[in-house]
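The next block holds one structure in the form of structure tokens; read it before the comments.
The shown structure was predicted, so the numbers you read here are calculated from the model rather than taken from an experiment. Throughout, a chain's letter reflects where its sequence line sits, starting with A, and its residues are numbered from 1.
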Protein chains: 2
Amino acid sequence: MNKIRRKPTHPGCILREDYLKPLSITVTDMASKLNVSRKTLSKILNEKGAVTPDMALRLSRAFGTTPDLWLNLQKNVDLWEAENLSRDWRRVRPLPETMLLVNKDEKRI
Amino acid sequence: MNKIRRKPTHPGCILREDYLKPLSITVTDMASKLNVSRKTLSKILNEKGAVTPDMALRLSRAFGTTPDLWLNLQKNVDLWEAENLSRDWRRVRPLPETMLLVNKDEKRI
DNA sequence: GACTCTTGTAACCGTTAAGGTTACATACGT
DNA sequence: ACGTATGTAACCTTAACGGTTACAAGAGTC
């Protein structure tokens with residue numbers, strides 16, 4: 001049960017450091033190429049906005065990656081935040097073994 | 001470049017068929033155990049609602065799975081829908097090879 | 001110094017979605 | 001006939017996305 005301890009890397013960090021910096025392209029130009037507003041891209045780069053499925057598709061088109069590369073990064077951030085934002089989910093009790101065993105038995109029928 | 005052709009399986013389908021049916025637990029009771037409203041769970045089971053990170057944490061607690069199991073299923077659905085909902089993202093042009101090559105050169109410096 | 005470009009961001013908009021409560025009609029089993 | 005389980009509609013609050021516009025700050029150029 002490995003729990004994530006520190007906050008996962010935001011996709012905006014990867015995009016900024018590994019993709020945009022080496023290209024020395026301006027935020028304005030990149031937003032134009034992605035066909036989104038400068039604000040939308042800027043928010044992601046400053047880690048104040050999320051990479052949505054639509055944005056992941058645009059990034060994958062521009063850089064020749066999979067959309068999942070970006071969505072997985074975002075998913076890890078979202079999960080980390082959900083874990084830390086509220087603790088109510090920790091009150092959910094695991095279903096008793098007995099129920100899970102019944103489950104397995106029925107699968108064999 | 002394998003593209004998903006048919007709509008990915010909704011997490012509500014997995015939850016319904018593989019987890020709840022074998023347990024023969026009512027939706028009402030399961031919602032209670034998850035500490036969410038009956039409506040929230042019902043929407044997911046009928047594939048009319050999304051599994052949020054918070055919900056994924058609750059499901060992972062109840063069934064002893066990873067939260068990622070549920071979030072990955074949801075991510076695939078979200079991506080498929082984004083691909084098919086709008087086509088504007090297809091207008092994003094891949095960055096020219098020349099820029100990507102400059103990228104690689106700079107990495108070597 | 002004056003000018004331009006770039007950038008982050010605030011203020012505003014419309015749209016969408018999550019999650020809750022309440023209420024209702026239907027269906028099922030006793 | 002009765003209670004239970006269910007889907008769902010109606011309504012509310014909160015919040016996030018994405019867009020436009022506008023402003024202030026910084027960096028570079030002439």
Side-chain angles (χ1 to χ4, degrees), chain A residues 10-13 15-17 19-21 23-59 61-62 67 70-71 73-75 77-89 91-92, chain B residues 10-13 15-17 19-21 23-59 61-62 67 70-71 73-75 77-89 91-92:
Chain A
H10 193 283
C13 178
L15 179 58
R16 172 169 27 90
E17 300 297 328
Y19 287 84
L20 293 195
K21 274 193 180 172
L23 292 180
S24 42
I25 189 177
T26 67
V27 176
T28 305
D29 283 351
M30 192 63 217
S32 171
K33 286 185 188 302
L34 292 171
N35 214 30
V36 297
S37 74
R38 181 169 63 87
K39 173 197 169 186
T40 298
L41 180 58
S42 178
K43 279 187 69 175
I44 291 172
L45 290 175
N46 290 284
E47 309 185 13
K48 289 173 181 173
V51 172
T52 60
D54 181 75
M55 190 52 142
L57 286 167
R58 292 171 195 274
L59 293 173
R61 290 274 300 172
W70 306 102
L71 287 182
L73 290 166
Q74 186 62 53
K75 184 197 61 177
V77 172
D78 291 343
L79 183 56
W80 188 90
E81 286 179 349
E83 280 175 343
N84 293 91
L85 183 71
S86 140
R87 284 185 195 78
D88 186 67
W89 60 273
R91 300 183 43 226
V92 176
Chain B
H10 193 282
C13 178
L15 179 58
R16 171 169 29 89
E17 300 298 327
Y19 288 84
L20 294 196
K21 275 193 179 171
L23 292 179
S24 43
I25 189 179
T26 68
V27 175
T28 304
D29 283 352
M30 192 63 218
S32 172
K33 287 185 186 302
L34 292 171
N35 214 31
V36 298
S37 73
R38 182 168 62 87
K39 172 195 168 187
T40 299
L41 180 58
S42 177
K43 278 187 68 175
I44 292 173
L45 290 175
N46 290 284
E47 309 186 14
K48 289 173 182 174
V51 172
T52 61
D54 181 75
M55 191 51 146
L57 287 167
R58 293 172 194 273
L59 293 173
R61 291 273 301 173
W70 306 102
L71 287 182
L73 289 167
Q74 187 62 53
K75 185 196 63 177
V77 172
D78 291 344
L79 182 57
W80 189 89
E81 286 180 348
E83 281 176 343
N84 292 92
L85 184 71
S86 139
R87 284 185 194 79
D88 186 68
W89 61 272
R91 299 182 44 226
V92 175

Q. Do the side chain of H10(B) and the main chain of A50(B) share a donor and acceptor less than 3.5 angstrom apart?
A.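 Checking the backbone N and O of A50(B) against the side chain of H10(B), no donor-acceptor pair under 3.5 Å is found.
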
Q: Verify, without hydrogens or angle tests, whether Q74(B) (side chain) and V51(B) (backbone) share a donor-acceptor contact under 3.5 angstrom.
A: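 Here the side-chain-to-backbone pair exists.
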
Without decimals, in angstroms, what is the distance between [X] [atom1] and [N] [atom2]?
X: R16(A); N: dG8(C); atom1: CZ; atom2: P; result: 9 Å
X: D54(A); N: dT16(C); atom1: CG; atom2: P; result: 14 Å
X: I25(B); N: dT4(D); atom1: CD1; atom2: P; result: 17 Å
X: N35(B); N: dG20(C); atom1: CG; atom2: P; result: 8 Å

Q: Report the residues that fulfil side chain to side chain donor-acceptor pair (under 3.5 Å) with R91(B), sequence neighbours left out, ordered by chain and then residue number.
A: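 If we apply the side chain to side chain donor-acceptor pair (under 3.5 Å) test to R91(B), skipping adjacent residues, the hits are D88(B).
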
Q) What residues in residues 37-48 of chain A put a non-hydrogen atom under 4.0 Å from any atom of DNA chain C? A)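 Listed by number, they are R38(A), K39(A), S42(A), N46(A), K48(A).
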
(Q) For A82(B), give me all partners under side-chain contact (heavy atoms from CB on, under 4.5 Å), at least two apart in sequence or on another chain. (A)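 Testing A82(B) for side-chain contact (heavy atoms from CB on, under 4.5 Å), a comparison that skips the adjacent residues, returns P53(A), L57(A).
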
**Q.** Set of residues satisfying side-chain contact (heavy atoms from CB on, under 4.5 Å) with respect to S32(B), sequence neighbours excluded
**A.**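 Residues passing side-chain contact (heavy atoms from CB on, under 4.5 Å) with S32(B): none at all.
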
Q: Would you tell me if any nitrogen or oxygen in the side chain of T52(A) comes within less than 4.0 Å of OP1 or OP2 on dA16(D)?
A: no

**Q.** Pairs flagged by salt bridge (charged side-chain N to carboxylate O under 4.0 Å, His left out) wherever residues 41-56 of chain A is involved - sequence neighbours left out
**A.** R16(A)-E47(A), D54(A)-R58(A)

Q.
Nearest to the side chain of T28(A), heavy atoms from C-beta on, is which of dG20(C), dG7(D), dT6(C)?
A. dT6(C)

**Q.** Beyond-backbone contact of R61(A) with W89(B), side-chain heavy atoms, under 4.5 angstrom
**A.**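 Answer yes - side chains close enough.
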
Where do N or O atoms of nucleotides 25-30 of chain D meet protein N or O atoms at under 3.5 Å, pair by pair?
none

